[in-house]
Amino acid sequence: MPPLSFRRQYSGGMAAALQMTKVRRYTLKTPAKPAKQYRVQYSEELNSEQLEVVMAGDGPMLVIAGAGSGKTRTLTYRVSRLIEDGVDPSQILLLTFTNKAAREMLSRVEQLVTIDTRRIWGGTFHSVGNRLLRQYADAIGYRSNFSILDDEDAKETMDSAISSLGIKTLEKRFPKGDVLLDIYSYLINTRTPLELHLEENFPHFAIYKEEMISVFRRYKDRKREANAMDFDDLLINWKLLLDDHPDIAEALKRRFRYLLVDEYQDTNKLQAEIVDGMAALRRNVMVVGDDAQSIYSFRGASFENIITFPMRFPDAVIYKLETNYRSTPQILQLANSAIVHNRFQFQKELRAVRGDGPEPAVVGVDDVFEQASFVAQRILELRDEGEKLSEIAVLYRSHYQSLELQMELTRRLIPYEIRSGVRFFEQAHIKDVMAYLKIMINPRDELSWKRVLKLYPKIGEKTAADVWSQISSGDPLHQFLSGAAGFSPPARGVAASLDSLRSVLRPLNSEGMRRNPSESIRLVVEKGYADYARSRFPNAQARLDDLEQLSQYALRYDDVNAFLEEVALANPLAGEDVAVVGPEDEKIVLSSVHQAKGLEWRAVFVIWLADGRFPSQRALRVPGGIIRVPETAVAEALAVMLPDTTEKEIIIPGEEEERRLFYVAVTRAKQELYLVFPVMARDRGGMDVLMEPSRFVRELPPDSYEKWVIGSE
């Protein structure tokens with residue numbers, strides 16, 4: 001045993017003897033705690049990036065989860081690890097964007113740690129808001145048994161509010177209930193003033209601003225009188241509890257020890273404010289998302305939420321998941337090369353786990369019809385090579401860009417399904433406009449007459465039937481245009497509507513228009529249908545884009561009858577009846593990029609990659625957001641991303657969201673990727689104009705793709 005060093009003082013000979021003794025210091029160590037034994041083998045089931053997130057300690061965390069990097073797995077295992085470390089499940093709040101996602105995560109947690117996950121608060125913002133508001137409804141003037149209005153109920157309540165104010169919606173183009181609901185919801189979720197929203201997105205409704213404010217007030221009163229909330233109320237009232245009721249706010253903030261948010265890049269301003277409020281006390285908030293996949297600003301999602309998270313939580317630790325399990329190295333090289341051009345982002349580089357695959361192909365085609373032919377032929381070749389049709393997708397920026405392809409797939413009997421909406425010619429606005437043309441060719445088409453008549457103010461089913469009975473005895477078109485039928489309008493205002501319809505049908509009935517289906521479609525749109533669409537449909541501009549593309553497609557025909565016959569004979573249902581190799585319901589997928597987010601296919605075609613179409617010209621004109629830099633040292637967090645900035649208010653270019661949309665499109669592909677752009681397109685006058693390849697294609701380094709040149713036999 002080694003001699004010890006004594007601190008006690010001795011005197012005399014004993015002290016002298018001790019001074020001659022050799023001294024060795026000996027340190028008593030604190031016994032090491034045994035390593036934590038977990039039921040789940042985290043280090044074996046997760047990669048190093050995921051493991052670091054799952055095992056991280058307390059405090060705010062921002063997890064930048066690249067495409068195909070196992071984001072859901074990481075969230076699930078994080079919840080499991082917290083429970084294994086003794087956290088009460090009822091103190092965990094998991095916010096997702098679909099209840100299905102929450103159920104799947106919690107089901108997996110239950111499998112991992114065998115607990116009853118019903119104690120965990122997991123679900124969408126709205127479902128969690130509902131549960132909380134049931135407990136605190138009295139504080140905001142509601143009873144706990146309040147009803148929740150679905151979309152149809154909310155529309156009826158809004159229509160009732162409009163009616164109760166005596167607004168004559170049938171005599172002017174005042175927005176319908178569902179359009180007003182769309183505007184109202186956007187204001188609440190984005191915290192945007194009505195005047196600004198109207199100026200930027202609905203200038204044609206600006207004259208109704210005061211009336212709209214009155215309707216919104218009446219709508220709110222009616223909901224409260226009925227003890228009912230719509231979906232937006234579930235969020236705004238949750239926020240109200242946090243802002244205006246200190247005792248309740250304190251209880252809510254203490255209630256949850258850990259807050260985890262999925263798909264954070266898709267949150268709107270109201271949702272981000274709720275997250276910030278709920279995390280203000282304990283600050284154990286983990287948000288997971290990918291800034292490079294923030295593409296839903298048109299729905300109110302705020303890119304600024306994720307990009308400024310380190311500014312609002314300056315002590316936040318940023319983690320990155322960059323290992324991709326979906327795509328080949330070749331596809332990821334192209335994706336990385338594309339997104340690097342965005343200035344506002346958290347830099348990351350996806351790395352592939354999968355082995356090599358073919359080079360992505362950049363394919364220039366003469367026009368949209370050759371584009372459709374190439375895609376259809378290549379799909380058939382892929383099927384012959386053993387690829388399942390269900391593993392093939394065609395993606396585009398806007399739904400109208402699928403028109404020519406839908407027609408070509410139908411001709412070749414290739415079955416398909418559409419994720420971005422109903423089939424092109426089955427859409428209400430397409431059928432509306434086509435009905436005008438059908439009347440010109442077949443004036444005895446009763447269904448088309450009634451469909452067109454009901455588009456006009458003061459004309460419903462009964463009035464349309466009355467009009468038809470008066471004109472159907474002879475030549476209905478001649479009878480209607482001449483007014484010779486002599487019927488009396490059953491209600492005041494109908495005469496004006498019938499005159500408006502005559503002003504459209506008279507020029508349509510000319511010989512020149514019968515030989516020009518393209519201009520016939522434009523005439524219908526410009527002489528009233530555009531105003532009808534804006535007042536009737538929340539997504540009016542997208543529908544008007546569809547109609548413009550329909551007009552472009554009709555340029556191929558010099559006769560309205562031939563155009564209608566082609567559309568009728570190219571039955572879009574025919575392709576579904578064809579026997580194919582594999583399951584009977586196997587079809588390729590047509591989808592907008594927005595609808596494709598979160599999905600994947602072995603082979604992906606991205607079409608219409610021409611400047612002005614993808615990126616969209618309209619989107620380029622609109623700013624992609626504003627970052628307001630605080631005066632404090634918190635701004636240093638932004639300096640990591642923008643080391644050269646001295647600005648206090650930074651406007652994000654709209655081009656950046658369009659590039660993120662392109663990035664989402666290419667990262668849907670697992671094995672093969674085709675980027676297709678038409679070189680020529682027709683303008684409104686039917687003239688061929690040269691199209692420039694999308695800037696996103698031109699930015700790609702030459703070694704990131706293979707160029708395909710289209711030839712003919």
Side-chain angles (χ1 to χ4, degrees), residues 327-339 352 354-389 391-397 401-409 411-412 414 416 588-591 593 596 600-615 659 661-681 688-713:
S327 306
T328 63
Q330 288 78 8
I331 291 172
L332 295 186
Q333 180 192 353
L334 185 143
N336 290 331
S337 299
I339 200 63
R354 295 188 58 202
D356 284 342
E359 295 286 341
V362 171
V363 188
V365 293
D366 285 347
D367 55 27
V368 293
F369 302 105
E370 186 170 271
Q371 175 176 255
S373 295
F374 164 73
V375 173
Q377 178 175 308
R378 186 66 190 128
I379 286 171
L380 292 175
E381 291 170 349
L382 288 170
R383 188 185 67 170
D384 290 343
E385 293 167 11
E387 201 67 79
K388 294 181 179 178
L389 291 181
E391 283 288 349
I392 302 172
V394 184
L395 308 181
Y396 34 79
R397 173 66 177 78
Q401 293 170 346
S402 68
L403 168 57
E404 294 82 7
L405 181 60
Q406 287 190 48
M407 297 294 283
E408 185 66 22
L409 293 174
R411 289 191 194 98
R412 300 198 187 209
I414 301 174
Y416 63 91
I588 69 162
V589 172
L590 307 185
S591 176
V593 183
E600 59 184 38
W601 297 271
R602 280 183 58 80
V604 170
F605 296 80
V606 187
I607 62 173
W608 265 113
L609 280 167
D611 251 17
R613 306 299 178 91
F614 195 168
R659 188 176 285 107
L661 194 62
F662 177 70
Y663 176 82
V664 168
V666 301
T667 54
R668 299 311 92 199
K670 296 193 286 188
Q671 185 72 14
E672 297 192 38
L673 174 65
Y674 301 87
L675 307 178
V676 191
F677 64 90
V679 175
M680 303 293 292
D688 287 333
V689 294
L690 190 64
M691 304 274 291
E692 192 162 17
S694 170
R695 64 195 65 190
F696 307 145
V697 172
R698 301 197 311 269
E699 290 169 350
L700 296 173
D703 64 350
S704 65
Y705 62 86
E706 181 178 70
K707 183 177 179 180
W708 284 30
V709 178
I710 302 297
S712 58
E713 293 181 343

CZ-CG distance between Arg378 and Leu382, expressed to the nearest 0.5 angstrom: 4.0 Å

Evaluate the side-chain proximity of Leu380 to Gln377: yes if any heavy-atom separation is below 4.5 Å, no if none is. no

Spacing of CD belonging to Gln371 relative to CG belonging to Leu609, to within rounding of 0.5 Å: 8.0 Å

Candidate pair Glu391 and Gln671, rule side chain to side chain contact (heavy atoms under 4.5 Å, CB included), full reasoning: CA-CA 10 Å; Glu391 283 288 349; Gln671 185 72 14; over 6 Å; no

Testing Glu387, Arg602, Glu672 one by one against Ile392 for a side chain to side chain contact (heavy atoms under 4.5 Å, CB included), which residue passes? Glu387

Of the non-hydrogen atoms in Asp356 and Pro329, which two are nearest, and what is the gap between them? OD1-CG, 3.5 Å

Measure the CG-CD1 distance between Leu334 and Ile331 for me, rounded to the nearest 0.5 Å. 8.5 Å

Considering all heavy atoms of both residues, which atom of Ile414 and which atom of Ala376 are nearest to each other, and what is their separation? CD1-O, 3.7 Å

Return the orientation label for the Phe605 and Tyr674 ring planes: parallel under 30°, perpendicular over 60°, tilted otherwise. parallel

Walk me through it: do Asp703 and Gln333 pass the test side chain to side chain contact (heavy atoms under 4.5 Å, CB included)? CA-CA 9 Å; Asp703 64 350; Gln333 180 192 353; 3.7 Å; yes

Are the side chains of Val689 and Met680 in touch, meaning some heavy atoms are under 4.5 Å apart? no

CZ on Arg695 to CG on Asp611, rounded to 0.5 Å: 4.0 Å

What closest approach, in Å, do Val368 and Pro678 show between heavy atoms, and which atom pair accounts for it? N-CB, 4.1 Å

So if I apply the side chain to side chain contact (heavy atoms under 4.5 Å, CB included) rule between Leu675 and each of Phe696, Phe662, Trp708, which one comes out positive? Phe662

Val606 side chain reached by Leu673 side chain, heavy atoms, under 4.5 Å: yes

Closest heavy-atom contact between Ser704 and Pro701? OG-O, 2.7 Å

Side chain to side chain contact (heavy atoms under 4.5 Å, CB included) with Val394: of Ile379, Val676, Val589, only one passes, and it is Ile379

OG of Ser694 to CZ of Phe614, rounded to nearest 0.5 Å, is 7.0 Å

With a 4.5 Å heavy-atom cut-off, do Trp608 and Arg397 have their side chains touching? no

Which atoms form the tightest heavy-atom contact between Lys670 and Glu600, and what is the distance? CD-OE2, 3.7 Å

Please examine the side chains of Pro358 and Gln330, heavy atoms only from C-beta on, and report whether any two atoms are closer than 4.5 Å. no

Are Phe677 and Val362 close enough that some pair of their side-chain heavy atoms sits under 4.5 Å apart? yes

Compare every heavy atom of Arg412 with every heavy atom of Ser373, then report the nearest pair and how far apart it is. O-NH2, 3.7 Å

Any side-chain to backbone donor/acceptor pair from Ser337 onto Leu700? Under 3.5 Å, distance only. no

How far does CG of Leu395 sit from CG of Leu590, to the nearest 0.5 angstrom? 9.0 Å

Arg659 meets the salt bridge (Lys or Arg N to Asp or Glu O under 4.0 Å) criterion, sequence neighbours left out, with Glu655, Glu699

